[in-house]
There are 2 protein chains.
Amino acid sequence: MQRPRTATIRDVAALAGVSVGTASKALNGRGSLRADTIARVRQAADQLDFQPNPAARSLHAGRTYTVGMITTDTIGRFSIPLLIGAEDTLGAGEMSVLLCDARDDPIREQHHLRTLLGRRVDGIIVTGRRAGTRRPLASTAGVPVVYAFLASTSPDDCSVISDEPGGARLAADHLLTVGRRRIAVITGPEHHHSARVRAVATIAHLAAAGVELVTPPLHGEWSEAWGRQAVGLLSAQQISFDAVICGSDQIARGVADALRETGRHVPQDVALTGFDNWDVIALASRPPLTSIDMDLEGLGRAAASLLLKAIEGNPAPGTHPHPAKLVIRDSTVPA
Amino acid sequence: MQRPRTATIRDVAALAGVSVGTASKALNGRGSLRADTIARVRQAADQLDFQPNPAARSLHAGRTYTVGMITTDTIGRFSIPLLIGAEDTLGAGEMSVLLCDARDDPIREQHHLRTLLGRRVDGIIVTGRRAGTRRPLASTAGVPVVYAFLASTSPDDCSVISDEPGGARLAADHLLTVGRRRIAVITGPEHHHSARVRAVATIAHLAAAGVELVTPPLHGEWSEAWGRQAVGLLSAQQISFDAVICGSDQIARGVADALRETGRHVPQDVALTGFDNWDVIALASRPPLTSIDMDLEGLGRAAASLLLKAIEGNPAPGTHPHPAKLVIRDSTVPA
DNA sequence: ATGAAAGCGCTAACAA
DNA sequence: TTGTTAGCGCTTTCAT
């Protein structure tokens, strides 16, 4: 099929029997026109299914109603809800999203940044697969940037991160509420930002309630295998515990399996919390896991809102934590 | 920071001491210019970090070097590799990707389609979370469309789908190769396109080798729980089997767990194949799963290539299957 | 209340 | 070989 040339404002003007300028005013509500002129133009536009050419509009307005989204790591499980949330908010505001995947490669990142700036995006959202901090983007020529999930190391930048300590506290509180006092923490690698932050917050919060961990946090991989292994370690050391706070749902699921296979019941004997509320894991676990949901979609929406504000000239520099939620399932409260 | 006006070609021309037209030619390699003029212009452009305004370029060229990607279901596990693959090839070709998430909502889809057409994208890729077919997009005013992963019901459209029957045959072949003959199939809902297609292909292929399933395909949910439950059904019916072909990795993992918990060894007693090669599941399974990988990233790249061709005026209507791969792990071949 | 015309940044046809 | 000019589609002064 030959691509039919789309209607221009001249076609509309011609059909309505007015000049281009008048048509423009009618469609944009500028100037003062007679009501019936406006109506005639509108009707002509409808009839031709007129949509203003965004290139022409951008050329004039100096903005593109487009924002770039750079995922620094590969787009992954964490980035998706962020994307969806951001796309949601931006789409509502007439903005479109250009997607760039930098694959953890600084060269690619630089390349994408140039592309986005070259395309004159109105703003940029930077996301990554894991929480923590990152160096700020190189020069963005005054284009506003919001970092989502990971924070820029520069306090002048605007970052929206998950309130991981808050999430950790929710889990700890919940376990205290259901009466647990002999609590262990099994989590990810010691050098990993999230693992550390969450463990520290957990310990502090429990301490404030007069509870001490039965043993220092156990650090390992973010895997089910580590969760199973860690249960073995605890048993070997003859450590008695009635709850385990896990650094991820995967670890928690491993813990659940190991406990079941050694004859202990969750949650009767041991209550268990995960982190991430990753449904594939949390729901498939036996029993399903109580978990902390970082509300990444909400975080993405928040980031997008801040970006919109910044584009409008009201930047909000600093690091903004986004609250997490507790999702209660059978691993802490019997069905 | 005040946004510094970006350099225009006039700035470049002025700095190089030539006219705008000459500068344009120099930068685009058109016309015939003296070598040193070209050099001077290039140098001026570099110095000013000149990047042509895409709005102006689009306005003239009548194209935007942008393609829209609509995910009809929410962006999910399957869409991501597709996105990445497509973004990869398109990005290489100077094209950027506008992302739209229609959330399985026809209204949203229609809205996004209008937006994309309004933005004058050069082409559109439509993807979805599950394989199968869908009605074609409403009028796209001649803008080329490629359907990826799911196929359009119209044969005039261009679709790239996974060769699921081929994938199913790979699994069946592999099991025959490792000497299994008493094979069962446990898969997803009977009404689900993928479940049906894969089961049918499996049966036909085994039949061609003179092997019949030990029992008709067992249909249930796409879940681990169903996998476990199905093993129970087989046992209850006293059906003996030495291999199970599963419709998904999740089902296979459930089967693996149930077998282990009833004292049967995988793969010694029962060999097991999954489908999707979804690492979180396939690798976490005990043992790790042999699985079929649909190479969605490659599929995304293929779709993008076809779209580029179509944009260049060489459409390739029809449904193009993309081959799957067998990934062998411990669930069929002892470590 | 409406029309004419200039200009956004760039490319391409035409002149010189 | 280079410069001049028109025009892509739209908005916006400035005349009328």
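Each chain gets a letter, A, B and so on, in the order the sequences are listed, and its residues count up from 1.
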Hey, which sits more toward the 5' end of DNA chain D by its nearest nucleotide, B/A56 or B/G17?
-> B/G17
Are B/R135 and B/E109 within salt-bridge range, i.e. N to O under 4.0 Å?
-> yes
Using atom CZ of A/R57 as one end and atom P of D/dT11 as the other, report the distance to the nearest whole Å.
-> 6 Å
Could you tell me which residues satisfy side chain to side chain donor-acceptor pair (under 3.5 Å) with A/Q110, sequence neighbours excluded, listed by chain and number?
-> none
Any residue meeting ring-ring contact (aromatic ring centres under 6.0 Å, His included) with B/Y147, in chain and number order, not counting sequence neighbours | none
Residues at least two apart in sequence or cross-chain that pass side chain to side chain donor-acceptor pair (under 3.5 Å) with A/T37, listed by chain then number, are none
State whether A/R108 and A/D101 are salt-bridged, where the test is any N-O pair (Lys NZ or Arg NE/NH1/NH2 against Asp/Glu carboxylate O) under 4.0 Å.
-> no
Take the protein atom CG of A/L59 and the nucleotide atom C1' of C/dT11, then report the distance between them rounded to whole Å.
-> 13 Å
Rounded distance in Å - CD1 (B/I9) to C1' (C/dA12) | 12 Å
Which heavy atom in A/T74 sits nearest to a heavy atom in A/S79, and how many Å separate them?
-> O-OG, 3.9 Å
State, to the nearest 10°, the angle formed by the axis through the first five base pairs of the helix from C/dA1-D/dT16 to C/dA16-D/dT1 and the axis through its last five.
-> 50°
Roughly how many Å is it from CZ in A/R63 to P in C/dG9, rounded to a whole number?
-> 17 Å
Close approaches to DNA chain C from residues 30-50 of chain B, in residue order (heavy atom, under 4.0 Å) = B/R30, B/F50
Please give, in whole Å, the distance from D/dT11 P to A/N53 CG?
-> 10 Å
Do A/R134 and A/S152 meet the criterion of a side-chain donor-acceptor pair at a distance under 3.5 Å?
-> no
Residues from residues 20-28 of chain B sitting under 4.0 Å of DNA chain D, heavy atoms only?
-> B/G21, B/T22, B/K25
Could you tell me which non-hydrogen atom of B/D163 sits nearest to which non-hydrogen atom of B/P321, and how far apart they are?
-> CB-CB, 4.0 Å
So, A/R119 and B/T66: side-chain donor and acceptor under 3.5 Å apart, yes or no?
-> yes
Does any non-hydrogen side-chain atom of A/M294 lie less than 4.5 Å from one of A/K325?
-> no
Nearest heavy atoms of A/R120 and B/P54, plus distance in Å = CG-CD, 3.9 Å
Separation of atom NE2 in B/H60 from atom C1' in D/dT5, rounded to whole Å | 13 Å
